[in-house]
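Worksheet: the structure to be examined is printed underneath.
Both counts, for ligands and for their atoms, begin at 1 and track the order of listing.
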Amino acid sequence: MENQVTIFDHPLIQHKLTHMRDVNTGSKLFRELVSEVSMLMCYEATRDLPLKEVEIETPMMKTKSKVIAGRKLAFVPILRAGLGMLDAMLEMVPAAKVGHIGLYRDEETHEPVEYYNKLPSDIEERDVFVLDPMLATGGSAIDAINIIKKSKPNSIKFLCIIASPEGIKALTEAHPDVQVFCAAKDDGMNENCYILPGLGDAGDRIFGTK
Ligand code: PRP
Ligand code: URA
């Protein structure tokens, strides 16, 4: 499991995460912080993209230099809260295609319920990055990845901002082939399956719906 999970300990990410967790942080700043952390995570999660050499001319001379070797990416936010991570990812990789999976957790059972699913038609040629700020029980991430796997993409990575130990265990056991990136691994969950210390309900904080 160690090789499958990357937990970021970068000072910039930790600093921004502290402000995200703060109950006094309002939606505008919260959204900005989600974007900034996502951008930093994108940088790390795309570290293994293959490069190829091309010939260019600088103002000084001809030289060989590297560009990304035509790897096709797809970003799939899990609605709603995953949308908060999307713009930052697209800013880094504007050519990526975007799919959407709509899931919400039933308030009683905490089980995910699917309500929307639209993926790029050529997803089988693409490396997929699934986006969701919160990995709590892991149910939503596991179901979203089950849905995406039916379309047989090249590979799948899962990016979240805060993960519970239970969520990491469940996700890595259900999908041992999926690389998991998170900004922080928290202590656990409460009786309502909210992450502790966490940041509360990510969707409500992004969209101001509480
Ligand atoms: C949140 C979060 C994840 C899910 C994580 O979504 O964005 O999708 O819970 O919990 P899990 O790991 O236990 O499945 P929520 O169901 O609150 O829906 P929302 O994004 O529409 O608010
Ligand atoms: N979903 C959230 O938005 N927050 C949690 O702590 C758990 C699930």
Counting only heavy atoms, which portion of Arg105 has something under 4.0 Å from ligand 2: side chain, backbone, both, or neither?
side chain
How far is atom 4 (C) of ligand 1 from its nearest protein heavy atom, and which residue and atom is that?
Ser140 OG, 3.5 Å
Any atom of ligand 2 sitting under 4.0 Å from a heavy atom of Ser164?
no
Provide, to 0.1 Å, the distance between atom 3 (C) of ligand 1 and the closest protein heavy atom, together with that atom's residue and name.
Asp132 OD2, 3.0 Å
Tell me who clusters with Tyr194, hydrophobic residues only, linked when side chains sit under 4.5 Å apart either directly or through other members.
none
Just distances here: any N/O of Gly200 and N/O of ligand 2 closer than 3.5 Å?
yes
Under 4.0 angstrom from atom 13 (O) of ligand 1, is there any protein heavy atom?
yes
Please report which non-hydrogen protein atom sits nearest to atom 5 (C) of ligand 1, along with the residue it belongs to and the distance in Å to one decimal place.
Met134 O, 3.5 Å
To the closest 0.5 Å, what do you measure between NZ (Lys157) and CG (Asp48)?
3.5 Å
Any nitrogen or oxygen of His110, main chain or side chain, under 3.5 Å from a nitrogen or oxygen of ligand 1?
no
Please confirm whether Cys193 comes under 4.0 Å of ligand 2, counting heavy atoms of the residue only.
yes
Would Arg205 count as a contact of ligand 2 if the rule is a heavy atom under 4.0 Å away?
no
Nearest-0.5 Å distance, CG of residue Leu103 to CD1 of residue Ile78:
6.0 Å
Option set Met189, Arg80, Arg105, criterion heavy-atom distance to atom 21 (O) of ligand 1, minimum
Arg80
Does Lys149 have more than 12 heavy atoms from other residues, nucleotides or ligands lying within 6.0 Å of its NZ?
yes
Any idea how Phe75 and Phe129 line up, ring-wise: parallel (<30°), tilted (30 to 60°), or perpendicular (>60°)?
perpendicular
For ligand 2, note which part of Ala136 has a heavy atom under 4.0 Å away: side chain, backbone, both or neither.
side chain
Mind checking whether Ala141 has an N or O less than 3.5 Å away from an N or O of ligand 1?
no
Got the closest protein heavy atom to atom 11 (P) of ligand 1, with its distance?
Thr137 OG1, 3.4 Å
What's the spacing between Cys160 SG and Lys185 NZ if we round to 0.5 Å?
11.5 Å
Tell me, with the steps shown, if Asp204 and Arg80 meet salt bridge (charged side-chain N to carboxylate O under 4.0 Å, His left out).
CA-CA 9 Å; Asp204 283 341; Arg80 290 175 300 168; 3.2 Å; yes
